[in-house]
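Encoded as structure tokens, the structure appears first; notes follow it.
A note on names: the letters A, B, ... follow the listed sequences, proteins ahead of strands, and every chain is numbered from 1.
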Amino acid sequence: MPELPEVETFARILRLGGRDNPSLVGSKINGELLLWSRTLASPSYPEFHSHILGQTIQDIGRRGKFLLFTLSSDTLIIHLRMSGDLLVETESAPIGKHYRLVLNLQDGLRLAFNDPRKFGRVWLTADPDTVLGDLGPEPLDESFTAQVLYERLHSYRRQLKPLLLDQTFLAGLGNIYSDEALHMAKLHPSTLSHNLTPDQAERLWHNICTVLREGIRRNGASIDWVYRGGDFQNYFRVYRRTGQPCPVCGTPIQRLVIGQRSTHYCPTCQPFL
DNA sequence: CACGAGACCTGTTCGC
DNA sequence: TGCGAACAGGTCTCGT
């Protein structure tokens, strides 16, 4: 479900409070309940149980699509994958049908990881790099420049769409934001990466940054039955708009499948050259 | 190296 | 109404 802007929104709400949620920074973890064993990627459950007990949440952040909870001595890492959601609620609330992990906090609160499709994963580690080590650049970091993108594009000979989805190439883009960025940059999703000119790479870089900032400003996108208050879904230019007019030229948006993923684009604005 | 298929999962929507 | 197919914001592994 979530991509960089949605995960960033989660991190901010959990860190700063808001939307009826208190900040979780400073909260102590008093216990946990694991309801689907595969949700815990590492370590083993007994080790997870004994290590997490009594640790305090010191900060909450994000790297790519990973949520990072800095604890007293370890880092709790959560990836929401397709259907994951996080809920802050009181301990007396009923355990939801799709809850996979529940952390009991101080003050009668708890953090619940709800995940119908069970793809989400949780890690507890003293060394976050063991989980995050292969991630590519952080797109909104100032060190990620148009020149860096150009060089990385030319170090592969791959179609742009699957390359942008590759988290070792760039961390945080998913199906929505890659389709939107390619449309804004007027690049066909099948274009081969090493064929981009410096000018086209600069355009792609600019629009990746722009669309991610727009997503964050709108608190992410909320589609299907998962609603978290973001409204970027109302501003999609191409994503899931097959047959509807391109906002730039009016041509019906087309859908094709690249790398097993739905891809939406405007055949007029994004011609395949 | 680049790509496609299959796996992991449940729920919703679409077409007949 | 019912029922199977297609589809869903992600990522891993395997085979060619």
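Here C:dA8 is the nucleotide among C:dA8, C:dG9, B:dC9 with the atom lying nearest to any side-chain atom of A:S262. Taking every side-chain heavy atom of A:I176 into account, C:dG9 is the closest of C:dG9, B:dG11, B:dT10. With B:dC3, C:dG10, B:dA5 as the candidates, the nucleotide lying closest to the side chain of A:M82 is C:dG10. The side chain of A:R38 sits closest to B:dC9 out of B:dA2, C:dG9, B:dC9. With C:dA8, C:dT11, B:dC9 as the candidates, the nucleotide lying closest to the side chain of A:Q167 is C:dT11. With B:dG11, B:dA5, C:dG9 as the choices, the nucleotide that has an atom nearest any side-chain atom of A:H98 turns out to be B:dG11. With distances taken from any side-chain atom of A:R81 to the nucleotides C:dT11, B:dC9, C:dA8, the minimum falls on C:dT11. Closest contact between the side chain of A:R261 and the listed nucleotides B:dG4, C:dG10, C:dC7 involves C:dG10.
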A:D199/A:T197 under side-chain hydrogen bond (donor to acceptor under 3.5 Å, both in side chains): CA gap, chis, key distance, verdict: CA-CA 5 Å; A:D199 213 48; A:T197 64; 5.4 Å; no

Derivation and outcome, side-chain hydrogen bond (donor to acceptor under 3.5 Å, both in side chains), residues A:D166 and A:T168: CA-CA 5 Å; A:D166 185 337; A:T168 67; 2.7 Å; yes

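Counting non-hydrogen atoms under 4.0 angstrom, A:Y156 reaches the backbone sugars and phosphates but no base. Contact annotation for A:Q159: backbone-only contact, meaning every heavy-atom pair under 4.0 Å involves sugar-phosphate atoms and none involves a base.
At the phosphate of C:dG9, neither OP1 nor OP2 sits under 4.0 Å from any side-chain N or O atom of A:K65. Between A:K118 and B:dC8, a side-chain N or O to OP1/OP2 separation shorter than 4.0 Å is absent. For the OP1/OP2 pair of B:dA5 and a distance below 4.0 Å, the side-chain nitrogens and oxygens of A:Q260 include at least one atom meeting the criterion. For A:K97, a side-chain nitrogen or oxygen approaches OP1 or OP2 of B:dG11 to under 4.0 Å. A:H79 has no side-chain polar atom (N or O) that falls below the 4.0 Å cut-off from OP1 or OP2 of C:dG10.
For the pair A:L192 CG and B:dC1 P, the computed distance is 16 Å after rounding to whole Å. Residue A:R157 contributes atom CZ, which lies 15 Å from atom C1' of B:dC3 at whole-angstrom precision. The interatomic distance linking A:F236 (CZ) with C:dA8 (P) rounds to 13 Å, in whole Å. Atom CG in A:L160 sits about 10 Å away from atom P in B:dC3, given to the nearest Å. Distance CZ (A:R117) to P (B:dT12): 12 Å, rounded to an integer number of Å. The nearest whole Å value for the distance from the CZ atom in A:R158 to the P atom in B:dC3 is 6 Å. Atoms CG (A:L135) and C1' (C:dT11) sit 12 Å apart, rounded to a whole Å. B:dC3 atom P lies 12 Å from atom CG of A:L164, rounded to whole Å.
Searching all strands for a Watson-Crick or G-U wobble partner of C:dG9 with both distances below 3.5 Å returns nothing. Nucleotide B:dC9 has no partner under the Watson-Crick or G-U criteria, as no pair reaches both atom distances under 3.5 Å.
The P atoms of B:dC8 and C:dC3 are separated by 26 Å, rounded to the nearest whole Å. Distance noted for atom P between B:dC9 and C:dT13: 15 Å (whole Å). C:dA5 and B:dG6 have their P atoms separated by 15 Å, with the value rounded to a whole Å. Rounded to a whole angstrom, the distance from the P atom of C:dG9 to that of B:dC14 is 15 Å.
By the 5.5 Å and 30° criteria, A:F119 is stacked with the base of C:dG10.
No N or O donor and acceptor, one from the side chain of A:E3 and one from the base of C:dG10, sit under 3.5 Å apart. Contact of A:R240 with C:dA8 (side chain to base): no donor-acceptor pair of N or O atoms is detected under 3.5 Å.
A ring-centre distance under 6.0 Å is found for A:F232 and A:Y177.
Tested against A:L76 for a side chain to side chain contact (heavy atoms under 4.5 Å, CB included), the candidates A:L103, A:L67, A:L111 yield a single pass: A:L103. The only member of A:E91, A:E89, A:E32 that meets side chain to side chain donor-acceptor pair (under 3.5 Å) when paired with A:R110 is A:E89.
Aromatic ring pairs are classed by plane angle as parallel below 30°, tilted from 30° to 60° and perpendicular above 60°; the pair A:W123 and A:F66 is tilted.
Side-chain contact between A:Q167 and A:K65 is present, with heavy atoms from C-beta onward closer than 4.5 Å.
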